[in-house]
Amino acid sequence: MQRKMLPLAVAATAATALLAGCSAGAGTEAGGSSEPVTFICSPQEDWCQLIAAEFTAASGIPANYVRLSGGEAVARLSATGETPEFDAWFGGGAEGHLAADESGLLEPYTSPNAEQIPDEYKDADGTWTGVYVGALSFCSNTDVLEEIGAEAPSSWEDLLDPKFKGNIAMAHPGTSGTAYQALWTEVELNDGDQDAAIDFFGKLHSNILQYSKSGSAPGQMAGRGEVATGVIFAQDCQKFVNEGFTNLETTFPSEGTGYEVGAVSLIKNAKNPEGAKAFIDWSLTAEAQDLAATVGSYSVPTNPDATITEDMVDFDTLKLVHADIDAAGKARNELTGRFDAEVAPAPKE
């Protein structure tokens, strides 16, 4: 992708964006209705606030959202079943959307704007469409690394070094799409062997200080010096660096790193399906995708006309593990269940 610099000024509307779960604006009638759109939002809070406000500004449709990580979103949708609280789901890995679809919770929708999105970033049947891409990374505190006598990890195997005992943080893959991406990356690195992936994380378990609920939280823990390294997406680590945690360093595993395609999808039996479709259409535009970087969310946009900033990862420089998104989605419930039963509760050596 051609790399262009984005102006550093944060959109003025970000300052007035409303809190999670609150209306993004009074709105005016759009498409013959001012009925609000209610969506799940899985990226970080400030991005969620901004897209809700900007969608309302662009469409006149009031927007409400609740921030839920990928695993939480699937659980919440499953709990409400045929009478969902939400109209659309924005963000979180596509495999999470597929897991929801496997449970009959999504409705296919192919937006006319999906024509602009490369085929590898969208589902052929319209179950989900990608709005951003992010690469897994190791986000390390250089001061803590010096204290424990370790180098910044440059491979998955490095994480197993006893020097990192109690000094690594990652989210739980049952609640976090980020952590599930890490788990599925090990499946792919082991030629689809789920037992081998569970075995790896069983070995890593003693080095984990804490499994967080949110995928980005381990980066904050590293920034505060609570751990040496957090397993998070690179865009989140860069966000924390730009927010003042300048002792953080981003590295990538030499064996290969997984990546997520953050998706948007339509909820089955949505109360406002037309408003949800308008939201999906808007989220696929370059203008909507350009908003992320203005609030420090440096995932790579999927629309080729969107702006690429210097803070975004250059995927051409990485060894990527090209995940089978369909297989990852179908395996999610069983694999996260195994992690919860076999890895998380195990005693630490």
Side-chain angles (χ1 to χ4, degrees), residues 1 3 42-44 47 69-71 90-99 117-123 127-139 153-156 159 170-171 173 176-192 197 200-201 214-216 218-219 229-240 250-265 284 289 292-293 297-304 306 308-332 335-336:
M1 294 183 179
R3 302 181 76 82
S42 292
Q44 295 201 47
W47 188 6
S69 59
F90 178 90
E95 67 279 353
H97 292 250
L98 281 171
I117 309 303
D119 288 344
E120 62 266 34
Y121 300 145
K122 61 188 177 185
D123 179 69
T127 300
W128 58 269
T129 309
V131 287
Y132 62 86
V133 188
L136 277 176
S137 74
F138 306 139
C139 184
S154 58
S155 71
W156 292 103
L159 298 182
M170 65 174 279
S176 162
T178 304
Y180 183 70
Q181 186 62 60
L183 179 55
W184 188 256
T185 295
E186 285 296 321
V187 173
E188 294 284 357
L189 288 172
N190 286 282
D191 299 319
F200 172 82
F201 281 98
S214 163
S216 62
T229 299
V231 181
I232 67 172
F233 284 113
Q235 66 263 21
D236 292 329
C237 193
Q238 185 61 49
K239 176 180 175 67
F240 298 141
T250 304
T251 55
F252 298 92
S254 58
E255 303 97 327
T257 192
Y259 66 95
E260 79 164 346
V261 180
V264 64
S265 61
L284 299 178
Q289 293 185 13
S297 291
Y298 301 114
S299 51
V300 177
T302 59
N303 189 310
I308 304 297
T309 79
E310 292 300 320
D311 286 312
M312 295 176 184
V313 171
D314 183 353
F315 276 74
D316 291 338
T317 66
L318 303 180
K319 182 178 181 180
L320 296 173
V321 176
H322 292 278
D324 184 333
I325 295 176
D326 285 339
K330 291 176 181 177
R332 183 183 179 109
L335 196 53
T336 56

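Side-chain atoms are counted along with the backbone in the values below, which use heavy atoms only and exclude waters and symmetry mates. These numbers come from a predicted model, not from an experiment.
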Q.
Just so I know, are the side chains of Gln235 and Met312 near enough to count as touching, which here means a heavy-atom distance under 4.5 Å?
A. no
(Q) Is it the case that the side chain of Ser297 and the backbone of Ala293 share a donor-acceptor pair, with hydrogens and angles ignored and the cut-off at 3.5 Å? (A) no
Q: May I ask you to decide if Gly134's main-chain N or O and Glu260's side chain share a donor-acceptor pair within less than 3.5 Å?
A: no
Q. Are the side chain of Lys122 and the backbone N or O of Ile117 linked by a donor-acceptor pair below 3.5 Å?
A. yes
Q: Verify side chain to side chain contact (heavy atoms under 4.5 Å, CB included) between Thr250 and Phe252, making sure each step is shown before the conclusion.
A: CA-CA 7 Å; Thr250 304; Phe252 298 92; 3.9 Å; yes
(Q) Can you classify the ring geometry of Tyr132 versus Trp47 as parallel (below 30°), tilted (30 to 60°) or perpendicular (above 60°)? (A) tilted
(Q) Is it the case that the side chain of Ser176 and the backbone of Pro173 share a donor-acceptor pair, with hydrogens and angles ignored and the cut-off at 3.5 Å? (A) no
Q) Side chains of Trp128 and Val264: does their closest heavy-atom pair fall under 4.5 Å? A) no
Q. Are the side chain of Thr302 and the backbone of Gly130 linked by a donor-acceptor contact shorter than 3.5 Å?
A. yes
Q: Could you grab the distance from atom CD of Gln181 to atom OG1 of Thr257, nearest 0.5 Å is fine?
A: 8.0 Å
Q | Ser154 side, atom OG; Leu159 side, atom CG - distance, nearest 0.5 Å | A | 9.5 Å
Q) Are the side chain of Thr336 and the backbone N or O of Arg332 linked by a donor-acceptor pair below 3.5 Å? A) yes
Q: State the OG1-CE distance between Thr229 and Met170, to the nearest 0.5 angstrom.
A: 13.0 Å
Q) Roughly how far, to the nearest 0.5 Å, is CD of Glu95 from CG of Leu183? A) 10.5 Å
**Q.** Note, Val261 side chain near Val131 side chain (heavy atom, < 4.5 Å)
**A.** no
Q.
Show, in sequence, the C-alpha distance, side-chain angles and deciding distance for Leu284 and Asn303, and conclude whether the side chain to side chain contact (heavy atoms under 4.5 Å, CB included) test is met.
A. CA-CA 7 Å; Leu284 299 178; Asn303 189 310; 5.6 Å; no
(Q) Any side-chain to backbone donor/acceptor pair from Asp324 onto Asp326? Under 3.5 Å, distance only. (A) yes
Q: First locate atom OG of Ser216, then atom CZ of Phe240, and finally report the distance between them rounded to the nearest 0.5 Å.
A: 4.5 Å
Q.
Determine whether a donor-acceptor pair (N or O, by modelled atom type, separation under 3.5 Å) exists between the side chain of Tyr180 and the backbone of Ala328.
A. yes
Q.
Donor-acceptor pair, distance only, cut-off 3.5 Å: does the side chain of Asp236 make one with the backbone of Ile232?
A. no
Q: Look at the side chain of Ser155 and the backbone N and O of Ser254, then say whether any donor-acceptor pair between them is shorter than 3.5 Å.
A: no
Q: Classify the angle between the aromatic ring planes of Phe138 and Trp156 as parallel (below 30°), tilted (30 to 60°) or perpendicular (above 60°).
A: perpendicular
Q: Starting at OG of Ser299, measure out to CD of Gln238 and round the result to the nearest 0.5 Å.
A: 12.5 Å
Q: Any chance you could lay out the side chain to side chain contact (heavy atoms under 4.5 Å, CB included) test for Val187 and Leu335, step after step, and finish with the verdict?
A: CA-CA 10 Å; Val187 173; Leu335 196 53; 3.8 Å; yes
**Q.** Minimum side-chain heavy-atom gap Ser265-Phe90 below 4.5 Å
**A.** no
